[in-house]
Amino acid sequence: MSSGVERSPSPGPAGGHLPGAAGEEPKGRAAVDGAGGGRGAPEAGPSRKEGNRATKKETRAAAVAALRPRYAEDLAGGTERFFEPRRADCPWCGSARLEGRLRTTDLFQHKAGRFALDRCLDCGHVFQNPRLNPVGLEFYYRDFYDGLGERDIGGLFAGRRRAYVKRAESLRPFAQAPGNWLDVGTGHGHFCEAARAVFPGTLFDGLDLSAGVELAERAGRVARGIRGGFVERVAELADGYDVVSMFHYLEHSTDPRGELRAAHRALRPGGHLLIEVPDPESRFARLLGRWWLPWLQPQHLHFVPVANLRRELSGLGFTVVAEEHAGPHDPVDLLGAVWLLLNAVAPPDDLPWLAPPGRLRRLLRTAVLLAGVPALLAATVLDRLLVKPLAGRGRLANAYRVLARRD
């Protein structure tokens with residue numbers, strides 16, 4: 001699926017979002033829950049907050065109950081129908097020398113199914129094999145970035161303004177005042193909104209497969225919201241932009257090379273392509289195995305080593321002008337691993353694709369999460385105080401950013 005809703009190395013699945021450091025979602029929740037409260041009304045605030053929480057819980061419970069029959073029907077025939085045939089060669093270089101890189105389950109939403117990543121021994125490309133087919137992509141994306149997951153995901157991305165500003169600032173040494181900018185996989189347009197603070201004279205458009213891009217246009221976050229696939233819509237966008245950005249987008253695409261060709265076509269000569277993706281060569285990818293957040297199975301289909309991306313861009317007629325590893329790093333590797341482990345031991349209890357929980361299961365989840373608080377706090381401290389300062393060294397970073405100029 002070649003659309004992203006502001007993809008991040010640390011998305012929070014429906015019913016199992018990461019706390020605090022992983023996306024600052026609690027800030028958005030506090031703003032909603034606390035609306036109307038204040039020092040002038042000390043007694044009305046808490047009761048209103050409790051009422052809001054009860055209403056939200058009842059609304060979600062009703063939504064979950066309404067979705068159960070559809071998920072039961074989807075899963076009645078098993079999960080094999082969600083996959084394409086397994087391929088015997090690398091989709092990047094064509095080599096038949098493959099090795100198993102990872103075998104895992106859906107650690108984010110806990111939907112049924114098993115997923116495999118293979119690695120090419122010749123070029124290092126990592127890819128899902130067998131890959132999800134269109135039916136599978138629809139099933140596993142459903143209620144992740146939209147539906148049940150939309151509110152939590154929206155809060156997560158809206159709270160990442162500082163990261164968005166830094167992404168935009170990475171272009172400054174190479175382009176002082178671009179006329180217009182296309183953000184591919186823009187989702188709800190939060191990056192474009194933040195980037196205007198860096199380039200106030202730039203016109204920002206957004207493209208995405210989801211309806212979020214239309215909401216972004218109505219909210220004024222983008223000047224034009226373009227709904228559809230980039231490869232399919234690029235003919236009408238040819239030579240139309242000074243900058244094209246793809247932030248945590250290529251890993252979701254079924255055809256990352258096609259996306260790069262589309263970017264070249266959409267850019268004017270001298271324009272810039274800004275890409276940020278997970279780094280499959282990160283040491284934490286191997287150290288943490290299936291508990292490494294950026295693997296994000298089954299949504300992430302391709303992981304491109306930076307050397308492969310540089311060669312591909314050069315072959316298309318780009319000149320790579322910058323490569324960065326420390327800046328794009330998101331300090332959540334250890335926190336994310338602990339959180340995924342806790343959720344695997346005691347999955348969320350309000351998901352329509354899982355059996356309705358009983359009292360014992362609810363108590364187990366509460367006990368596991370409470371017991372895991374010290375580990376979560378320790379992981380957060382290590383991520384921020386130990387790993388983050390060293391992220392630019394020894395391949396510790398979990399993502400990289402490349403900026404290329406169209407020749």
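Note that the structure is a prediction, hence the values are computed from the model and not measured.
A side-chain donor-acceptor contact under 3.5 Å links Asn180 to the backbone of Gly240. Side chain of Arg218 to backbone of Val213: no donor-acceptor contact under 3.5 angstrom is found.
Interatomic distance, Arg406 CZ to Asp242 CG, rounded to the nearest 0.5 Å: 11.5 Å.
Annotation: cation-pi pair Arg167/Phe247 present, NZ/CZ under 6.0 Å from the ring centroid and within 45° of its normal. With Tyr71 as the aromatic partner, Arg142 meets the cation-pi criteria of under 6.0 angstrom to the ring centre and within 45 degrees of the ring axis.
Residues forming a ring-ring contact (aromatic ring centres under 6.0 Å, His included) with Phe303 (at least two apart in sequence, or on another chain): Trp295, His300. Annotation: ring-ring contact (aromatic ring centres under 6.0 Å, His included) contacts of Trp92 (sequence neighbours excluded): His125.
Of the options Leu287, Leu386, Leu382, a side chain to side chain contact (heavy atoms under 4.5 Å, CB included) to Leu334 is made by Leu382 and by none of the others.
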### Query
Given the rule in the side-chain hydrogen bond (donor to acceptor under 3.5 Å, both in side chains) test, do Ser245 and Asp183 qualify, once you have shown the distances and angles that lead to the verdict?
CA-CA 5 Å; Ser245 56; Asp183 185 40; 2.7 Å; yes

### Task
Under the side-chain hydrogen bond (donor to acceptor under 3.5 Å, both in side chains) rule, what do Thr105 and Arg290 come out as? Steps first, then yes or no, please.
CA-CA 9 Å; Thr105 55; Arg290 66 196 297 249; 3.0 Å; yes

### Message
Show, in sequence, the C-alpha distance, side-chain angles and deciding distance for Asp208 and Thr186, and conclude whether the side-chain hydrogen bond (donor to acceptor under 3.5 Å, both in side chains) test is met.
### Response
CA-CA 6 Å; Asp208 202 279; Thr186 197; over 6 Å; no

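Val165 and Ala194 get closest at one heavy-atom pair: CG2-O, 4.0 Å.
Salt-bridge annotation for Glu236 and Arg224: present, with a side-chain N of the basic residue lying under 4.0 Å from a carboxylate O of the acidic one.
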